[in-house]
Amino acid sequence: QVQLVESGGGLVQAGGSLRLSCAASGRTFSSLTMGWFRQAPGKEREFVAAISRISGSIYYGDNVKGRFTFSRDNAKNTVYLQMSSLNPEDTANYYCAASLSRGFSISMAWYDYWGQGTQVTVSS
């Protein structure tokens, strides 16, 4: 079993930045592919970014490419999502996810574990 705890959400003005963190426990962190998803009110949960467990390759959704940076610190069992140039369309509950599988996927079904989410609100 893997436990994921997100933190770092909050209220920020358009154009600002936030850094989300996700701490994992319960399994060797380096064996997990990690991902971020987000869900805005009334919308489906969508893929934000993923980082593979083997190569450390990082993948971004088109909606955040060039503005968000995903990183992992295996020594701290933590991943980070640095978000810059935020706009109101980025307002959502952000979820950390983990998978035991190799590679990566933008599909929610591919991920085995989920955090409770952290709210990000961007004001105009």
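The residues of the chain are indexed from 1 along the displayed sequence.
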Query - With Phe37, the ring pair (Phe, Tyr, Trp, His ring centres under 6.0 Å) member among Tyr94, Tyr95, Phe47 - result: Phe47
Requested in this report: Output the distance between atom OH (Tyr113) and atom SG (Cys96), rounded to the nearest 0.5 Å.
Outcome: 13.5 Å
Report task. Check whether Trp110 and Ile58 end up in the same hydrophobic cluster, where Ile, Leu, Val, Met, Phe, Trp and Tyr are linked by side-chain heavy atoms less than 4.5 Å apart. Result -> no
Query raised in the report: Is the side chain of Thr78 donor-acceptor paired with the backbone N or O of Asp73 at a distance under 3.5 Å, no angle test?
Result: no
Query raised in the report: Would you find a donor on one side and an acceptor on the other, under 3.5 Å apart, between the side chain of Arg72 and the backbone of Phe29?
Result: yes
Query - Verify same cluster id: Trp36, Leu100 (apolar side-chain graph, 4.5 Å) - result: yes
Query raised in the report: Under 6.0 Å from the CZ atom of Arg27, do we count more than 12 heavy atoms belonging to anything else shown?
Result: no
Query raised in the report: Under 3.5 Å, is there a donor-acceptor pair between the side chain of Arg67 and the main chain of Ser85?
Result: yes
Query raised in the report: Asn93 side chain to Thr118 main-chain N or O, any donor-acceptor pair under 3.5 Å?
Result: yes
Query raised in the report: More than 12 foreign heavy atoms under 6.0 Å from CG of Leu11: is that the case here?
Result: yes
Query raised in the report: How many angstroms lie between CE in Met34 and OG in Ser71, if you round to the nearest 0.5 Å?
Result: 11.5 Å
Report summary line: Interatomic distance, CE@Met83 vs CG@Asp90, rounded to 0.5 Å, equals 7.5 Å
Query raised in the report: Can you tell me how far the CD atom of Glu89 sits from the OG atom of Ser124, to the nearest 0.5 Å?
Result: 9.0 Å
Query raised in the report: Hey, quick one: are Trp114 and Val48 part of the same hydrophobic cluster, counting side-chain heavy atoms closer than 4.5 Å, chains of contacts allowed?
Result: no
**Report entry** Short side-chain to backbone donor-acceptor contact, Thr91 and Val122, under 3.5 Å
**Finding:** yes
**Report entry** Distance (rounded to the nearest 0.5 Å) between Arg53 CZ and Leu32 CG
**Finding:** 8.0 Å
**Report entry** Phe104 backbone acceptor or donor facing Ser52 side chain under 3.5 Å
**Finding:** no
Query raised in the report: Does any N or O in the side chain of Tyr60 come within less than 3.5 Å of the main-chain N or O of Phe70, such that one atom is a donor and the other an acceptor?
Result: yes
Query raised in the report: Hey, mind stepping through Arg38 and Val120 against side chain to side chain contact (heavy atoms under 4.5 Å, CB included) and telling me if it holds?
Result: CA-CA 9 Å; Arg38 68 185 184 184; Val120 172; over 6 Å; no
**Report entry** Reported CG-to-OG distance for the pair Leu4 and Ser25, which is rounded to 0.5 angstrom
**Finding:** 7.5 Å
Requested in this report: Please check if the side chain of Arg19 supplies one atom and the backbone of Gln82 the other of a donor-acceptor pair under 3.5 Å.
Outcome: no
Report summary line: Taking every heavy atom of Lys43 against every heavy atom of Gln39, the minimum-distance pair comes out as O-NE2, 3.1 Å
Query - Over all atoms of both residues, closest heavy-atom pair of Ser30 and Asn74 - result: CB-ND2, 4.0 Å
Report task. Examine distances only and state if a side-chain atom of Tyr111 and a backbone atom of Ser105 form a donor-acceptor pair shorter than 3.5 Å. Result -> yes
Query raised in the report: For Gly117, does its backbone N or O pair with a side-chain atom of Glu6 as donor and acceptor, under 3.5 Å?
Result: yes
